[in-house]
Structure formats: C-alpha cells, structure tokens
Amino acid sequence: MAAASALRATPLNAVHRALRAKLVDFGGWEMPIEYSGIIEEHRAVRTSVGLFDVSHMGEIEIVGPEAGALTDFVTTNHASKLKIGQAQYSALLYPHGGFVDDILVHKVGDHYYSLCVNAANQEKDFEHIRALNRFDARVEFASENYVQLAIQGPRSAATLQKLSATDLASIRYYWFANSQVAGAPARIARTGYTGEDGFEIYIEPTEGERIWNELLQAGAGFGIKPCGLGARNTLRLEASYALYGHEIDASTSPLEAGLEWIVKFDKGEFVGREALLRQKEGAIRRRLAGFEMRGRGIAREGCEVHAGGAPAGWVTSGSPSPTLNKNIGLCYLPPDLAAPPGRAIQILIRNQPVDAVTVEAPFYKRAK
C-alpha cells in the first residue's frame, strides 16, 4: 500500500475531509469510500439522488484531421459513426485481445474525441494510444484539465436542472451537451456507472468545490447524499457493470466478458481484431455469469467456484445487494455452466463450499 504522502488527491479532497468521509487508497488516489455509510448512500441513489467525486478518472483527447480514424483503430466500438454530442462505451485492447482498459468515447467535434478512462490506467492508456498513432492526429493527456462529478439517481435531473439553463430532458442517454452548471462552463453527459439515470459533469478544477457544494444545496430537498466509492461499487455490481481489474483485465477479452456488443468487426482494422476473430471462430473457454448465494456467506473476489464437486472458475466480484437483500456476485465459468441460468454451483468461502446458483444478469434494472 502506498504511503499516504504519496497518494494523489482530487481537487475536492478538502471537501471530503470536512465531511468526515472515510478515505482510502484507491489505485494510488486518496478517495472517499463512504460518508454516512455504504448502504445509506446506495439507497439514496436508487430512490432519490447521490453525488460522487470521480475526478480521479482520466481524460485523453484525440484531435486532428484523422482523429476519428485513430480513435477507431485503437478502440473496439465504431467511433466514426458517432454524431457530435454522442458518447459510447468501448475498449482499448492489446493485440492478443485482452483489455488495456474499458473507456467512454465522446465525439466533441468532427476532429475531436474525448476519452474518459479508468484512474489507475490513465498513463498506461495514453502511452498505448500514442504508440499506435500513425495518423494525422494529436493525442493529449488532459486529466488535469477536469474535475468530474457524477450525480445519479431518479432525482438527479431535477437536482441538476436547478443549476443549468440547458433543458436536461433534451440530453438523451449516452449523449452530452457543452453547457454551464451554476455559471461555470461544463460538459454534461447523460452517462453513469450506477444503473440509474444520471449525469457525469466535466468542469474546470477551480470550479469543482463550488459546484459540488451547489449541487448538494440544490438536492437538499430530495435528500441528496454525498456518496463514496463503496456505494459506487455495490451499485455497479447490481447493474452488472464490469470493473477493470475484476471482470476485465489483460487476460480477458470482450467476448468472454459478455461485451460482444462493443466490438464492431465490420468497421475494419482495429487493435485486437484478429485475435477476437480467432476466438469467435474457435472455442471461447469461459464466460462471465451472475450468481446468488443460497447458503450463508458472501463471495469475494478470488474465491474458487466449484460445480459438481470440481473446480470450475472463480469469483470476480461479490457483495451483499442493498436493493435485493441478497448476496450476489459475478464469476467466470466454462460456457456450458455459465448459461442458461439456474445451475447449482458452490463458492469456496474460507475453504468451505457454500451453495449458490447462477442467475441472469444484470441483477437490477431500473424502471424506464
């Protein structure tokens, strides 16, 4: 574990300390894991509204006449098909088909793409893209240019609308608008990592503390809660969103992780394409599956999964579900065990087999 003095901090670190957040080392960043409690914060997002500081996330910008061609070459989804103001979930891959990272791609202009990448991977991602750049485009490391706040939950639009002149109803899911929040220039994207409606807001670092406080004030009537990474994790697990270092990493491919939908083979050449085609045409050896515990116990990352008394896979994420009041998780299993759901399995918890059953994921879907 890195020494506290070596940890990076977001521009809102003093705010988190003033709120008496529990701060932890998260991938080299000192980040709030909780404020009032993970369950309370989780339920605030599911029922009303919560506010997250996610400024540890990285931003990489690709600019120039061939920015679209470079973005398409290094990512799996079809970036060139995006319209200005549209975003998409995508991936950076190694040539062997494993994940460098999972990312969000925003088309800001005809020759301008902005990538939101995972905090611990941002320098690696930047060097990966730059090394592959054979196009007429610049790759810029832009993380220090932004504070990123995520306001999530059924009341997120009503809260944010108080501070923005833009009609938020006009911003569709996975679209964004360059606008203002409380008078500050902002990119408002209808995206998130919780399974709820919500927005991710990109603003100048000097405005971060003020906008955070104004959002909390705007949402006070809805019972808004500042939320930490603990609730962010339980929320994303209920929605079955992949987390880098858990469900996805350099040893796993999008086809194994159930993310075939972000791979567009027909767009032409991209890094990892040939490896994925070989995997698609051959045999995929494992698939990601959801499960619920039937016996007493909480499955955690790394626990072995057995089927029929024999080792079959491992747990990538596991936690109690505050929404469902069940212990849930994700695991890798051979394809014939991963689907269809309803397969009896056992999770080794403290070297003792505990009954579980595979279920359809996601565990939670919000009402439309």
Side-chain angles (χ1 to χ4, degrees), residues 46 76-77 89-91 93 97-99 102 193-196 233-249 251-266 275-349 352-368:
R46 284 281 179 257
T76 59
N77 214 329
Y89 182 52
S90 193
L93 299 185
F99 279 89
D102 64 327
Y193 193 53
T194 63
E196 294 297 337
N233 186 57
T234 54
L235 289 158
R236 73 91 194 167
L237 178 56
E238 288 183 348
S240 298
Y241 292 156
L243 175 62
Y244 190 88
H246 291 251
E247 287 70 45
I248 55 177
D249 58 24
S251 71
T252 54
S253 81
L255 307 187
E256 295 171 324
L259 295 173
E260 298 94 335
W261 60 277
I262 67 169
V263 179
K264 302 300 189 290
F265 289 108
D266 59 355
L276 294 185
L277 280 173
R278 288 193 299 271
Q279 188 177 59
K280 182 180 180 182
E281 293 164 0
I284 295 176
R285 294 176 297 172
R286 59 191 179 189
R287 295 275 191 182
L288 194 64
F291 66 86
E292 292 178 0
M293 300 301 301
R294 291 296 168 88
R296 295 186 62 181
I298 302 170
R300 298 296 189 188
E301 176 197 4
C303 288
E304 285 188 15
V305 181
H306 285 209
W314 70 96
V315 174
T316 59
S317 295
S319 171
S321 163
T323 304
L324 305 175
N325 293 314
K326 298 176 180 179
N327 293 332
I328 61 172
L330 296 168
C331 68
Y332 275 107
L333 290 171
D336 62 324
L337 297 179
R343 178 81 60 164
I345 57 174
Q346 296 78 41
I347 313 293
L348 261 60
I349 301 175
Q352 297 297 315
V354 181
D355 288 340
V357 64
T358 60
V359 298
E360 192 168 340
F363 306 95
Y364 168 85
K365 291 183 180 178
R366 69 181 176 92
K368 298 294 184 180

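Every heavy atom of this structure was used, including side-chain atoms; hydrogens, water molecules and symmetry mates were not.
Residues in residues 330-348 take part in no salt bridge (Lys or Arg N to Asp or Glu O under 4.0 Å) pair, two or more places apart or across chains.
Residues Leu337 and Thr358 fail the side-chain proximity criterion, which asks for heavy atoms closer than 4.5 Å. Ile328 is not listed as a side-chain neighbour of Tyr364, based on a closest heavy-atom distance of 4.5 Å or more. Between Trp261 and Pro254 there is no side-chain heavy-atom pair separated by less than 4.5 Å.
Rounded to the nearest 0.5 angstrom, Ile345 CD1 and Asp355 CG are separated by 9.5 Å. Distance OG1/Thr323 to CZ/Arg366: 14.0 Å, rounded to 0.5 Å. Atom CG of Leu330 is separated from atom OG of Ser240 by 5.0 Å, given to the nearest 0.5 angstrom. With rounding to the nearest 0.5 Å, the separation of OG in Ser251 from CZ in Phe99 is 10.5 Å. Between atom CG of residue Leu243 and atom CG of residue Asn233 there is a gap of 6.0 Å, rounded to the nearest 0.5 Å.
Asp102 and Tyr89 form a side-chain donor-acceptor contact under 3.5 Å, judged by distance and modelled atom types alone.
Judged as a side-chain hydrogen bond (donor to acceptor under 3.5 Å, both in side chains), and not counting sequence neighbours, Asn327 has no contacts. Applying the side-chain hydrogen bond (donor to acceptor under 3.5 Å, both in side chains) rule to Arg287 yields the partners Glu260; only residues at least two apart in sequence or on another chain are considered. Under the salt bridge (charged side-chain N to carboxylate O under 4.0 Å, His left out) criterion, Glu256 pairs with Arg286, sequence neighbours left out.
Scanning both residues, Ala356 and Ile347, for their nearest heavy atoms gives CB-CG1, 3.9 Å. Closest of all the heavy-atom pairs between Glu238 and Leu324 is OE2-N, 4.2 Å. Phe363 and Gly329 make their closest contact through CZ-O, 3.1 Å (heavy atoms, listed as atom of the first residue, atom of the second, distance). Closest heavy-atom contact between Pro341 and Glu360: CB-N, 3.7 Å. When all heavy atoms of Ala257 and Ile248 are compared, the closest pair comes out as CB-CG2, 3.8 Å. Closest approach of Ala239 and Gly195 over heavy atoms only: CB-CA, 3.9 Å.
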Would you mind writing out the side-chain donor-acceptor pairs for residues 288-298 within the sub-3.5 Å range, not counting sequence neighbours?
| residue | atom | partner | partner atom | Å |
| --- | --- | --- | --- | --- |
| Glu292 | OE2 | Lys326 | NZ | 3.3 |

Identify all side-chain donor-acceptor contacts of residues 303-311 below 3.5 Å with residues at least two apart in sequence or on another chain.
| residue | atom | partner | partner atom | Å |
| --- | --- | --- | --- | --- |
| Glu304 | OE1 | His306 | NE2 | 2.9 |

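Tested against Ser317, the residues Glu301, Arg300, Arg236 include a single side chain to side chain donor-acceptor pair (under 3.5 Å) partner, Arg236.
Using a 30° and 60° split on the angle between ring planes, Tyr193 and Tyr241 fall in the parallel class, below 30°.
Gln279 places no side-chain N or O within donor-acceptor distance of the main-chain N or O of Ala275, the cut-off being under 3.5 Å. In terms of modelled atom types and a separation under 3.5 Å, the side chain of Ser90 and the main chain of Asn77 share a donor-acceptor contact.
With a 6.0 Å radius and a threshold of 12 heavy atoms from other residues, nucleotides or ligands, Lys280 has its NZ atom at or below the threshold.
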